[in-house]
Amino acid sequence: MTPQELADRLARILADIISEHGRGSDRDAGGPDVTSADTAVERPKNREHGDWASNAAMKFAKRVGANPRELAQRIAERIEAVDGVARAEVAGPGFINITLDAASAGETARRVVEQGDAYGRGDSLVGQRINLEFVSANPTGPLHLGHTRWAALGDSISRVLRAAGADVVNEYYINDAGSQMNKFGRSVLAAALGEDAPEDAYPGEYIQQLGRRVREQLPELPELAAADRDRALDLAQEAAYQRQLAEIKDSLERFNVHFDVYFSERTLHAAEADGTSPIEAAIGRLREQGHVYEEDGAIWVRTTDFGDDKDRVFTRGNGVFTYFAADAAYYLSKKDRGFGEKIYLLGADHHGYIGRLTAIAGAAGDDVEADITVLIGQLVNLNGARLSKRAGNIVELDDLLEWLGSDALRYWLARYPADSPLSLDGEKLRSRTNDNPVFTVQYAHARTRAVDRNAAAAGVDRSAFDPSLLTHETETELLGRLQEYPGIVAGAAELREPHRIARYLEELAGAFHRWYDNCRVIPQGGAAVEDLHRTRLWLNDAVGQVIRNGLDLLGVSAPERL
RNA sequence: GCCUCCGUAGCUCAGUGGAUAGAGCAACGGCCUUCUAAUCCGUUGGUCGCAGGUUCGAAUCCUGCCGGGGGCACCA
């Protein structure tokens with residue numbers, strides 16, 4: 001009996017009661033059907049409140065026109081008759097507290113082991129084709145801490161959405177057109193030629209390194225620069241860009257972050273077969289829809305029709321397209337490529353973009369509620385010190401990986417809600433105690449593996465499974481946690497909040513450690529191996545499996561030993 | 001000024017309208033003859049920023065204040 005099955009049974013029972021009681025009037029009037037979402041059970045904090053609790057009677061009492069406790073009592077009588085339910089009691093203002101048979105709860109251990117990697121995966125988002133854009137850092141320098149949170153979070157969101165059945169494409173938008181690229185090119189060329197840096201050059205040692213690389217790659221650069229400076233600039237800029245982009249991709253792979261598509265902004269500016277660029281085509285399409293006008297010699301889009309606080313401009317006075325024009329064309333590209341929901345993961349410093357991005361979705365004829373989601377995340381602090389270019393304390397992703405390792409960094413960055421401020425505490429992340437949550441969880445996994453190895457050596461195997469033997473309170477607790485997992489994954493996907501996975505794993509790890517301290521898998525002092533030990537081995541392995549599955553959703557490894 | 005996020009234990013933070021608001025750390029006190037004591041157990045610790053409102057019920061939803069972060073370009 002899983003919580004989901006319990007919720008299904010409750011929903012059916014409640015629907016029956018409503019139709020008997022209300023003589024179907026609710027349904028005839030188009031009243032709401034009862035779904036398992038209405039009767040979802042939760043794990044009570046207090047053990048005396050049973051294994052699972054439902055507040056459905058309180059929710060529906062008014063609609064049924066009954067007293068909550070009376071309704072709860074009628075539901076309780078019927079759910080108690082269900083196979084696998086030991087007790088159902090009404091408590092407080094109308095809670096239904098349900099206790100399962102030990103055998104029914106214990107079945108979970110076998111189910112988890114048998115389903116393996118698939119345990120926790122669901123189908124709540126099947127059929128959804130989602131574009132998830134994140135990081136999208138300019139290819140004019142290395143990734144730094146400012147990008148790192150979105151890399152970890154975005155990749156984990158993607159994994160969670162996929163676990164719920166969605167078809168997700170991770171996308172990185174490369175701003176490889178425009179003045180920043182030119183500035184980058186001039187900086188690198190000067191470095192390559194050993195010249196003084198230009199007035200507005202990019203700072204940083206990496207520019208010098210790129211300059212040396214470019215010089216090696218293009219030995220003819222000095223001669224060329226003397227003869228045709230613009231040509232030399234083009235070549236140097238292009239070489240530096242390709243090199244920097246490759247390094248970004250490399251860093252991301254080492255961070256276990258995978259993108260399916262790297263989308264170049266240039267392709268939006270370049271003319272296609274019909275002679276027009278995607279940006280021009282996009283403006284044309286929006287013009288046909290009546291959303292574009294000209295004023296003061298510039299082309300404008302009436303984003304205020306879709307809730308933006310001011311209209312936006314597509315061309316600057318000199319006729320060059322704005323960054324926003326490319327954004328609009330890019331949005332249409334995503335739409336044309338068949339994506340339903342387009343998710344943008346942006347830092348809080350970009351929150352002013354929500355209005356205009358949403359407006360473009362509206363102007364494109366999309367549903368601004370369902371087809372576009374802009375997730376705004378708070379910025380990261382390092383040991384309490386705000387990150388800023390001016391203060392010169394930018395930390396590169398590569399440095400962080402070397403210092404802390406990918407696992408600790410990814411886990412820490414994914415364990416907080418995106419809209420919560422987060423600071424990176426290097427000392428804590430390097431510690432090997434409960435102080436460090438990633439360690440706690442990984443250690444619990446390693447411990448399940450150690451038990452498994454020791455069990456094999458002691459002759460305890462999984463040849464028997466009798467779930468009715470799993471009656472210790474720490475076992476009931478642990479089984480409850482295992483049963484919760486699929487619901488946690490579904491919730492994390494629905495809310496785009498992978499931190500729920502991390503928090504869950506920490507609780508699971510705690511429940512496992514408590515169980516380990518109370519219940520032996522391997523008989524003590526050479527005593528005989530009994531079915532209880534064999535059954536507990538299933539439970540041990542089930543916990544290891546769920547920790548592996550959960551850590552995988554966070555892009556974190558589950559070591560066999562620490 | 002407008003928009004937005006945040007304010008919960010000494011610290012860092014969870015908490016999808018439900019029961020006595022939780023975790024880790026810190027502080028104090030316990031358990032090693034061990035399937036690794038890197039774990040575990042106990043105690044201490046709260047005006048959920050403030051004030052109203054909504055309802056059977058509010059840390060959670062609404063309004064207004066207070067305090068803090070971020071944003072309000074024909075920049076990229």
Side-chain angles (χ1 to χ4, degrees), chain A residues 37 40 42 44-46 48-49 53-55 58-59 61-62 67-68 91-95 97 138 140 175 177-181 183 265 296-300 309-310 312-326 347-355 376-379 381 384 386 415-423 425 428 431-437 439-440 442-444 446-448 450-455 457-458 460 474 491 494-495 497 499-500 502-504 506-507 509-510 512-525 533 536-537 540 561-562:
Chain A
E42 64 173 25
K45 281 167 252 172
N46 189 333
E48 290 166 17
H49 295 153
S54 168
N55 60 8
M58 289 180 287
K59 277 191 198 165
K62 193 173 287 178
N67 168 315
F95 291 100
N97 295 333
N138 284 356
T140 54
N175 297 122
S179 63
Q180 290 301 311
M181 279 301 290
K183 186 167 127 182
E265 183 190 352
D296 301 331
I299 300 174
W300 294 74
D309 53 359
K310 63 177 78 163
R312 305 290 166 174
V313 69
F314 274 157
T315 54
R316 298 203 291 265
N318 57 12
V320 174
F321 291 117
T322 58
Y323 190 83
F324 182 59
D349 53 341
H350 283 72
H351 111 268
Y353 281 61
I354 299 175
I376 295 295
Q378 296 294 309
L379 306 177
N381 295 6
R386 283 287 330 285
R415 94 180 266 268
Y416 299 93
D419 55 12
S420 165
L422 181 157
S423 65
D425 185 334
K428 183 176 281 191
S431 87
R432 297 170 68 78
T433 65
N434 249 7
D435 196 7
N436 181 357
F439 176 81
T440 303
Q442 285 186 320
Y443 175 62
R447 194 172 232 187
T448 65
V451 169
D452 192 78
R453 288 190 297 269
N454 293 334
V460 179
T474 61
E494 181 196 339
L495 298 166
E497 292 186 348
H499 76 275
R500 290 167 186 275
R503 301 291 172 161
Y504 165 82
E506 289 164 30
E507 292 187 353
F512 171 73
H513 287 309
R514 281 187 286 279
W515 171 72
Y516 175 93
D517 265 26
N518 283 281
C519 299
R520 296 186 59 90
V521 172
I522 296 164
Q524 202 154 16
H533 304 111
R536 280 176 175 165
L537 184 59
N540 175 77
R561 55 186 91 212
L562 289 176

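Protein chains get the first letters and strands the later ones, always in sequence-line order, with residue 1 at the start of each. Small disclaimer: the values here were computed from a predicted structure and weren't measured. Excluded from the calculations below are hydrogen atoms, water molecules and symmetry mates; all remaining heavy atoms, backbone and side chain alike, are included.
- Counting any heavy atom pair closer than 4.0 Å across all strands shown, A:D296 reaches a base atom.
- Between A:E506 and A:R514, the residue anchored nearer the 5' end of RNA chain B, judged by the nucleotide with its closest heavy atom, is A:E506.
- Listed nucleotides: B:U36, B:A38, B:C40. Nearest to the side chain of A:N454: B:U36.
- When heavy atoms are screened at a 4.0 angstrom cut-off, A:A326 is found touching no nucleic acid atom at all.
- An OP1 or OP2 oxygen of B:A73 is reached within less than 4.0 angstrom by a side-chain nitrogen or oxygen of A:K310.
- The phosphate of B:A23 (OP1 or OP2) has no side-chain N or O of A:N434 nearer than 4.0 angstrom.
- Across all strands, A:F439 comes closer than 4.0 Å to base atoms (heavy-atom distances).
- Among the protein residues, A:A455 comes within range of no part of the nucleic acid, since none of its heavy atoms lies under 4.0 Å from any strand.
- Positionally, the nearest nucleotide of RNA chain B for A:G510 lies more toward the 5' end than for the other of A:V320 and A:G510.
- You'll find the side chain of A:V451 stays beyond 4.5 Å of the side chain of A:N454, heavy atoms only.
- Between B:C41, B:A38, B:C56, one nucleotide has an atom nearer to the side chain of A:K62 than all others, and that is B:C56.
- Of all heavy-atom pairs between A:T433 and A:T440, the closest is O-OG1, 4.1 Å.
- Within 4.0 Å (heavy atoms only), A:R432 reaches at least one base atom of the nucleic acid.
- Donor-acceptor pairing under 3.5 Å, judged by distance alone, is absent between the side chain of A:H351 and the base of B:C72.
- The side chain of A:R312 places no N or O atom within less than 4.0 Å of a non-bridging phosphate oxygen (OP1 or OP2) of B:C74.
- Contacts of A:L562 with the nucleic acid, taken as non-hydrogen atoms under 4.0 Å apart, include base atoms.
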Reading nucleotides 13-20 of chain B from 5' to 3' and marking B where a protein heavy atom lies under 4.0 Å of the base, S where only the sugar-phosphate is that close, and - otherwise, the string is SSSB-BBB

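- A:V521 and A:H533 get closest at one heavy-atom pair: O-CB, 3.0 Å.
- A centroid separation of less than 6.0 Å is found between the aromatic rings of A:F324 and A:F314.
- A cation-pi arrangement is absent between A:R316 and A:Y323 under the rule of less than 6.0 angstrom and at most 45 degrees off the ring axis.
- Consecutive Watson-Crick or G-U pairing (both distances under 3.5 Å) extending over three or more pairs maps onto RNA chain B as B:1-7 with B:66-72, B:10-13 with B:22-25, B:27-30 with B:40-43, B:49-53 with B:61-65.
- Within the 4.0 angstrom heavy-atom criterion, base atoms lie near A:Q378.
- If you take CZ on A:R447 and CG on A:L562, they are separated by 11.5 Å, rounding to the nearest 0.5 Å.
- Considering A:E507, A:R500, A:H499 as possible partners of A:R503, the one that fulfils the side chain to side chain contact (heavy atoms under 4.5 Å, CB included) test is A:H499.
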